[in-house]
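Working notes, beginning with the structure itself.
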2 protein chains.
Amino acid sequence: MASQLNLSIDRSSPVPLYHQVVQGIEAAIHNGTLAPGSRLDNEIDLAAKLNLSRPTMRKAMDELVRAGLLVRKRGVGTQVVASQVRRSLELSSLFDDLASRGSKPTTEVLSFAHREADASTREALNLPAGASVYHFVRLRKVDGKPLALMENWVRDDITEITESALRTRGMYDILRSGGVNFRLANQRIGAVVANEYQAPLLETPVGAALVTMERTAVDDTGRMVETGHHVYRADSYSFEMTLVQR
Amino acid sequence: MASQLNLSIDRSSPVPLYHQVVQGIEAAIHNGTLAPGSRLDNEIDLAAKLNLSRPTMRKAMDELVRAGLLVRKRGVGTQVVASQVRRSLELSSLFDDLASRGSKPTTEVLSFAHREADASTREALNLPAGASVYHFVRLRKVDGKPLALMENWVRDDITEITESALRTRGMYDILRSGGVNFRLANQRIGAVVANEYQAPLLETPVGAALVTMERTAVDDTGRMVETGHHVYRADSYSFEMTLVQR
DNA sequence: CATCCTGATATGTCCTAACAAGCGGACATA
DNA sequence: TATGTCCGCTTGTTAGGACATATCAGGATG
């Protein structure tokens, strides 16, 4: 099974070679050039074909294995794994997710305040007594239909946040523009039933199922930047992810 | 900040050197030898100190960065990221999760069958017409309290599954013993409210919130081994995970 | 005919070596 | 004093080679 892999490597590009290979193989898998289950040429031949060293080729394949697109077996070879694998759950905002899918998200800011943090917020964000935070509640709609009710607390010593900015942009986008480099987030997903406050806002009956998500995000300096409590209509939203065994 | 890092590398061990380094640094972070926020020595010095090459050292640090324990910045250095980071969501079973936490899970097998797969199951597991599968429903309790209602379909051409085995062991444990090497799983988490069938089994009122999880697991040969639909009592269970920016 | 051994193949691990590029402080200059 | 440039430090990328080890097929052996 000679692979029809037809990659072009641009050595003058600022994009690292191994990353160009990753993108090339990813594209080949998605457009069907590399069928699920098919075997790739061995690492050494592939590297030779692209005029790359074996370590570079391996680094590219490592990433694809980690992403769950390829499977390697010692002594046997490397093959394309089956099926519609979604990318691993990423550190992105709902706004970006929706926008990239072609939907038109809108945001209503139900409340907005810049005030001293209470005890539980200080604990969640690891702030000293007396520190102040932004606190706001937003309602996210898609095509006029309410989808999520989101309450967030954000530390105020990084970048300024305004109510008008929140109306047109996602929170993560605003923070990134303000120089925040997110590194990781802890989140917890659960379920509740809609109460009298949530139900009318989400235009769903009291007692309807809602997905809950609590998240605290940390930037590259180790600061906890943001914590939030979101609820989503269960009939419109769920969390999809791919788990990879390492 | 000279690191007190005191690792011992055993070159005669079958454990790869880079993995020994990963374990050593992981342990140092967890026992406090490496404090959150502290800077590590640079790669070259660290490698020299352990008599390793820089690529080996880097491979170890790569893994720790991916796991969210370390943060690297070009031109600056590498530091330990803030504290209570849970390990990324893993491909494990509820049974193992509970057992490793010291709880005593019990399993009731509500139904068990070995029969021809219907169309939707064949699609989920990518099976040909006429193939047969195991189909079973289990109720998982912890300390006598019901927690999860789990319905699964498993292909039957890999290993034998018996009702009695399911009563004492987790499904993933059984499959792994049967030679299955899981590689990845796609899962979706959402919410529903308990219906008349689920409520009495889970000893919760009709209309209570439940967390739902649908999962399909793939082994290292690309076969879809197992698909299932689980519901959990929302007041007793939620999914916790750490997302890492790459 | 069944079993064991062996060799070819492919990935896994580890090394040395070199240059590129971002960051930040030191230093020189206006 | 303020500012801009330069240089050293550290991580990022790439190369090329060597040996280890799991797997599988085919041949030798009982």
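Here is the naming used below: chain letters follow the sequence lines, and residue numbers restart at 1 for every chain.
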(request) Using Watson-Crick or G-U wobble geometry with both distances below 3.5 Å, tell me the partner of C/dC19, or none. (result) D/dG12
Between atom [atom1] in [X] and atom [atom2] in [N], what is the gap in whole Å?
| X | N | atom1 | atom2 | value |
| --- | --- | --- | --- | --- |
| A/M57 | D/dG17 | CE | C1' | 19 Å |
| B/K59 | D/dT11 | NZ | P | 19 Å |
| B/Q20 | C/dC14 | CD | C1' | 13 Å |
| B/R58 | D/dT11 | CZ | P | 8 Å |
| B/E43 | C/dC19 | CD | P | 18 Å |
| A/N51 | D/dG16 | CG | C1' | 14 Å |
| A/D62 | D/dT14 | CG | P | 14 Å |
| A/D41 | C/dT9 | CG | C1' | 13 Å |

Go through [options] for me and flag the one nearest to the [X] side chain.
| X | options | value |
| --- | --- | --- |
| B/V76 | C/dG24, C/dC15, D/dT11 | C/dG24 |
| B/P16 | C/dT13, D/dT11, D/dT14 | C/dT13 |
| B/L17 | C/dC14, D/dT14, C/dT11 | C/dC14 |
| B/R54 | C/dC14, C/dT11, D/dG12 | D/dG12 |
| B/I44 | C/dT11, D/dT13, D/dT11 | D/dT11 |

Checking [X] side chain against [Y] main chain: does a donor-acceptor pair fall under 3.5 Å?
| X | Y | value |
| --- | --- | --- |
| A/D41 | A/D45 | no |
| A/R122 | A/A117 | yes |
| B/H19 | B/V15 | no |

(request) Return the 5'-most residue of the pair A/L52, A/K73 with respect to DNA chain D, ranking by each residue's nearest nucleotide. (result) A/L52
Less than 4.0 angstrom between a side-chain N/O of [X] and OP1 or OP2 of [N], yes or no?
| X | N | result |
| --- | --- | --- |
| A/T78 | C/dA10 | no |
| A/T56 | D/dA15 | yes |
| A/R72 | C/dG12 | yes |
| A/Y18 | D/dT14 | no |

(message) Just to be sure I understand the rule, does B/S53 reach a base, reach only the sugar-phosphate, or reach nothing, if contact means heavy atoms closer than 4.0 Å?
(response) base
(request) Give one of base, sugar-phosphate or nothing for A/P55, where a contact means two heavy atoms less than 4.0 Å apart. (result) base
(message) Strictly below 4.0 Å, N to O, side chains only: are B/R72 and B/E43 in salt-bridge contact?
(response) yes
(request) Only one of B/R215, B/H229, B/H230 passes side-chain hydrogen bond (donor to acceptor under 3.5 Å, both in side chains) with B/N152; say which it is. (result) B/H230
(request) Name the orientation class of the two ring planes belonging to B/F112 and B/Y134 (parallel below 30°, tilted from 30 to 60°, perpendicular beyond 60°). (result) tilted
